Structures are given as C-alpha cells and as structure tokens.
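Notes to accompany the following structure.
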Amino acid sequence: MRLKKFIAAAMTAAMAASLFVGCGLGKSEDKKADENIKTTITVWGSAEDQAEENGKWLQTMCEKFNAEHPEWDITFEYGVCSEQDAGKTVPQDPANSGDVYFFANDQLQALIDANAIAKLGGETADYVKNTNSSAIVDSVTVGGAVYGVPFTTNTWFMYYDKSKFTESDVKSLDAMLAKGKVAFNITEGWYMSSFFIANGCKYFGANGTDNSAGIDISGDKGTQATKAMVSLVNNPNFVNDAQGVGIAGLRDGSVGAFFSGSWDYKSVKEILGSNFGAVSLPTVKINGVDKQLKSFAGSKAIAVNPNCEYQQIAVALAKYLGGKEAQQEHYNLRSVIPCNTELLATDAVKKDALVTAQNNTFDKTSIIQPTVTGMNDYWTPAQNFAKSIVNGEITDANAAEKTQEFYQLINSSIAK
C-alpha cells in the first residue's frame, strides 16, 4: 500500500491499537494515539476534480484538510480514477489502489466482494445518516453497514430549449415529439430501462435488493414497454443521442431537448443561455396510457480502502471531502449538486433550476439503482437489445418474442 508511516516518536502498543476502533471516528477513541504521524496518502479522483480550470478542487480540499490537522504531517499523492471506473479498477488490485477514492454507488457490491472498501463506523457513519436523506443513506448501505460518504446524487433528467418547448410541453414526451426533435440515448441500458420501469417491471424485487428475484420484464408489461420504444424510434422527431449527438443538436438548433445529467450543465447553459430549461422526466404513452418515465438513481461517494495503514486519518479525510464545506466548493467550481441536507435548504441552491431538476428526478421520477451482482449481467444485453430496436430488428410484430428472449438472457446466470 502506498500509504506509508513514518512515526516521529515510538508509539506504545496501546496507542497503536486505539487507531483501529472500527473504521470511523469513534467517540471514545484516544485522539492522542495518532499524533505526530508523518505519512503519505494516495487519493484517487476524477480528472475534472483535479483540473486547473476547475480550481483543482481535490487538491485544494486535501490541503485545507491538512491545514486543519496540525497533529498529522500528510503528503498527498493523486491518481486519476473516475467514480464510474472505480468499481472496475480498484478490485483489480485493492492493495495498490488509492487509500481514499471516489465511487458511484452502483459499484458498491463489487467493491465489497473484492474487500476493497471499508465499513464506516462511529461518528462518521452518524454524520452520513444525519446529513443526508434516507434514500441517499440507503444508497451506500449494505447489510446495515455504511460504506461511503456521499457527496452528490447521481441520475439523469431532461434539458430543453425554452424557445422550442413550453412548461406544459415538457410534461409529456409524446407532446414534445409532436412539436419538435428530442434526443434520447435509447441504446444505453441506463436510459432505456426507464421504459420498463415506467410500466411496472421490477429489477431485483420491490426494493432492488433481491438478487434471486432477477429482472422481471416478462409478459405484457415488458412487451408493452418494448413496443413503446419501437414507437419512439420510429417517430420522425426522435434522435438517438449516441456519441454526443444530442448536445451537438442542441448547439446547432436541430434538437430542442435531450436527456443527460449535471455533468453536461455548463455546456448546456452556455449553449441555451436565457432559454435554458431543466426538468425531471416526462410521461410517455405505453399501451395508450400515460406512464411516468423513471430513471435509475443513486449517489456518488467517497470510500476508504481497508488496506490503508492509518484508517482513522483516511476516514477523517473521506468525511471531510464529503462534508458541507467541500460540497459547497464542489458546487461552486463544477456545479456538482450537493446532497447535504443543510446545503440543499439554502436559498441559492433551492433557486437553481439544475438542482431542482436533479432533486425532483431523484425524489419523484426515479428508483434507486440496484447494486446486486445480477446487474452485471444486464448492461451489455440491454445495449444490444436497444440497438436491435434502433436497427429495426425488433418491431411491433415481434416485440413479445424478442422481449421474452431478452428476459431469459438477462436472468440466465441468476440463481433461482
């Protein structure tokens, strides 16, 4: 592990033992136990969080943390690993990965299975529970244990051009398609799933936690969702948002709306200016009935590697990077939407259309994305299934047959 200790004064056995009272800042711990430590901590985060144009958010916050802890002499080493890549990268070699790293909560089970993420206890777990909504807390909790410090919600919603669509239009995808072009990334399972969920299909049981329940898209509910996607693709005003087509169309005016997340906010705001609009998901007609599209949602959080030498220091850093001050700076510099309940209650944040769109989506038009291992078998078949719709291989006539084949494929490796 890159986290190396250089202790200025010899520590007694009792002092060393006190560092490992759980993995959190336990209220009864001997705080003197970790004084006079000189060490190097490796922090892995996204390239954007370390970029000069974004104020070097990660480096700035780590140095502020260092200044607030004179009892420790910390040197930071930084590595680039995005939240979406952590679930693949860290498990490959946990012992040589970042001591503290950022991850998307849908990767949590993979990190747990690889023994690559530490449970958080003591006042750190209490902090997570007391400063986030129950849904956010649940997104980083498995078996009653908290595994990360959340710093933002993670979902997608709809951006639109107010000069092309009214506030009434954007409530219904069908109304929008009757009026102008809309881009939707149908060929990615993260987006395509919203049609199945809208029509009552269940992903791993009622709460998304029962791996043995599988993904239930069988029967009419699945077939009807597939037919709705076929209808969408065949609409002349539909644009498949692959490889940046949606935001490019927004820029040249050929597209009036597209579905994405907060990561595209700055570009969309620059493009649309005073015509900028952002809202939660619209309804869509499925089998002739208006159904609410629902996205997968979760959180992004900060993890502690259980292989690190000084758990208490690493946990304190994770808590700080996910804390109120750090979330405020993340929002100021990169428009990363906070999840801290106190920040969400401030006027500046409440009046932000971006925050409202994401939070309304999270609260009203989404489900928590399952973290069970069965989801690993879903993404590639889902992408191929959606591509077959776009390519015209799946039609209204064969929708039932193709949906049943898809159902069997995505559940083939799940133990019943």
Side-chain angles (χ1 to χ4, degrees), residues 106 133 135-136 139 152-162 164-203 208 217 221 224-229 231-233 235 237-242 246-247 249-250 255-265 268 272 276-299 337 339 352-370 382 386 389:
D106 62 293
S133 69
I136 290 290
S139 74
T152 188
T153 47
N154 185 31
T155 191
W156 51 274
F157 45 89
M158 185 170 71
Y159 291 110
Y160 74 100
D161 185 338
K162 288 184 176 181
K164 297 181 183 295
F165 298 113
T166 67
E167 291 184 3
S168 178
D169 292 334
V170 298
K171 295 177 181 179
S172 164
L173 182 58
D174 296 275
M176 296 175 72
L177 289 167
K179 193 172 183 180
K181 290 193 178 295
V182 178
F184 186 92
N185 194 351
I186 194 73
T187 49
E188 289 297 334
W190 205 44
Y191 296 88
M192 178 269 282
S193 307
S194 59
F195 282 79
F196 287 119
I197 299 168
N199 208 38
C201 297
K202 301 297 183 185
Y203 284 64
I217 60 168
K221 59 184 179 296
Q224 290 167 2
T226 298
K227 288 184 175 181
M229 286 186 274
S231 177
L232 172 69
V233 168
N235 191 300
N237 276 334
F238 164 77
V239 176
N240 186 29
D241 183 18
I247 198 167
L250 209 63
V255 166
F258 89 115
F259 296 79
S260 184
S262 59
W263 51 89
D264 276 327
Y265 168 72
V268 175
L272 296 179
F276 172 85
V279 291
S280 57
L281 305 187
T283 61
V284 63
K285 284 196 182 299
I286 299 179
N287 196 37
V289 178
D290 286 329
K291 298 290 183 73
Q292 178 62 61
L293 284 173
K294 291 186 177 181
S295 61
F296 279 135
S299 65
I337 297 172
C339 58
D352 189 331
L354 172 69
V355 176
T356 300
Q358 178 152 312
N359 286 344
N360 280 349
T361 299
F362 187 90
D363 294 337
K364 301 174 183 178
T365 64
S366 72
I367 65 168
I368 295 297
Q369 183 172 322
I389 295 175

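Note that the structure is predicted; figures quoted are calculated from it, not measured.
Rounding to the nearest 0.5 Å places CE of Met176 at 11.0 Å from OG of Ser168. Atom OG1 of Thr226 and atom CE of Met229 lie 4.5 Å apart (nearest 0.5 Å). The line from CG of Asn154 to CH2 of Trp263 is 6.0 Å long, rounded to the nearest 0.5 Å. To the nearest 0.5 Å, the span separating CZ on Phe196 from CD1 on Ile217 amounts to 4.5 Å. Here the CZ atom belonging to Phe296 is positioned 13.0 Å from the OH atom belonging to Tyr191, to the nearest 0.5 angstrom. Here the OG1 atom belonging to Thr152 is positioned 9.5 Å from the CZ atom belonging to Phe362, to the nearest 0.5 angstrom.
Remark: side-chain polar atoms of Gln224 are not paired, donor with acceptor, to backbone N or O of Asn199 under 3.5 angstrom. At least one donor-acceptor pair under 3.5 Å links the side chain of Ser193 to the backbone N or O of Gly189. For Asn237 (side chain) and Leu177 (main-chain N/O), a donor-acceptor pair under 3.5 Å exists by modelled atom type.
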Trace of the side chain to side chain contact (heavy atoms under 4.5 Å, CB included) decision for Lys227 with Asn287: CA-CA 8 Å; Lys227 288 184 175 181; Asn287 196 37; over 6 Å; no

Worked check of side chain to side chain contact (heavy atoms under 4.5 Å, CB included) between Ile389 and Ile186: CA-CA 9 Å; Ile389 295 175; Ile186 194 73; 5.6 Å; no

Worked verdict on Ser295 versus Thr155 for side chain to side chain donor-acceptor pair (under 3.5 Å): CA-CA 7 Å; Ser295 61; Thr155 191; 2.9 Å; yes

Leu232 vs Val284, side chain to side chain contact (heavy atoms under 4.5 Å, CB included): CA-CA, chis, key distance, verdict: CA-CA 9 Å; Leu232 172 69; Val284 63; over 6 Å; no

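Every side-chain hydrogen bond (donor to acceptor under 3.5 Å, both in side chains) that Asp352 has, sequence neighbours left out, goes to Tyr331. Partners of Ala228 according to the side-chain contact (heavy atoms from CB on, under 4.5 Å) rule, which considers only residues two or more places apart in sequence or in another chain, are Phe195, Ile286. Annotation: side-chain hydrogen bond (donor to acceptor under 3.5 Å, both in side chains) contacts of Tyr203 (sequence neighbours excluded): Tyr378. Looking at residues two or more places apart in sequence or on another chain, you find no salt bridge (Lys or Arg N to Asp or Glu O under 4.0 Å) involving Lys164. When the side-chain contact (heavy atoms from CB on, under 4.5 Å) test is applied to Lys171, no partner is found at least two apart in sequence or on another chain. Residues that satisfy the side-chain contact (heavy atoms from CB on, under 4.5 Å) test with Ser194, not counting sequence neighbours, are Trp156, Phe184, Leu293. In this structure Phe157 satisfies the ring pair (Phe, Tyr, Trp, His ring centres under 6.0 Å) test together with Tyr159, sequence neighbours excluded. When the side-chain hydrogen bond (donor to acceptor under 3.5 Å, both in side chains) test is applied to Ser262, no partner is found at least two apart in sequence or on another chain. Residues satisfying the side-chain hydrogen bond (donor to acceptor under 3.5 Å, both in side chains) test with Thr361, not counting sequence neighbours, are none. For Ala183, the side-chain contact (heavy atoms from CB on, under 4.5 Å) criterion is met by Val239, Asp241, Val255, Phe258, not counting sequence neighbours.
For the salt bridge (Lys or Arg N to Asp or Glu O under 4.0 Å) condition, the pairs that include at least one residue of residues 284-298, sequence neighbours left out, are Lys285-Asp290. Applying the side chain to side chain donor-acceptor pair (under 3.5 Å) test to pairs two or more places apart or on separate chains, those with a residue in residues 177-189 are Asp169-Lys179, Asn185-Thr187, Glu188-Gln383.
Ile136 is listed as a side-chain neighbour of Thr153, based on a closest heavy-atom distance under 4.5 Å. Looking only at side-chain heavy atoms (C-beta outward), Ile247 and Val268 come within less than 4.5 Å of each other. Looking only at side-chain heavy atoms (C-beta outward), Ser172 and Thr283 come within less than 4.5 Å of each other.
Of all heavy-atom pairs between Met192 and Ala382, the closest is CE-O, 3.3 Å. Here the shortest heavy-atom pairing between Lys221 and Cys201 reads CG-SG, 3.8 Å. The heavy-atom pair separating Tyr160 from Ala278 by the smallest distance is CE2-N, 3.8 Å.
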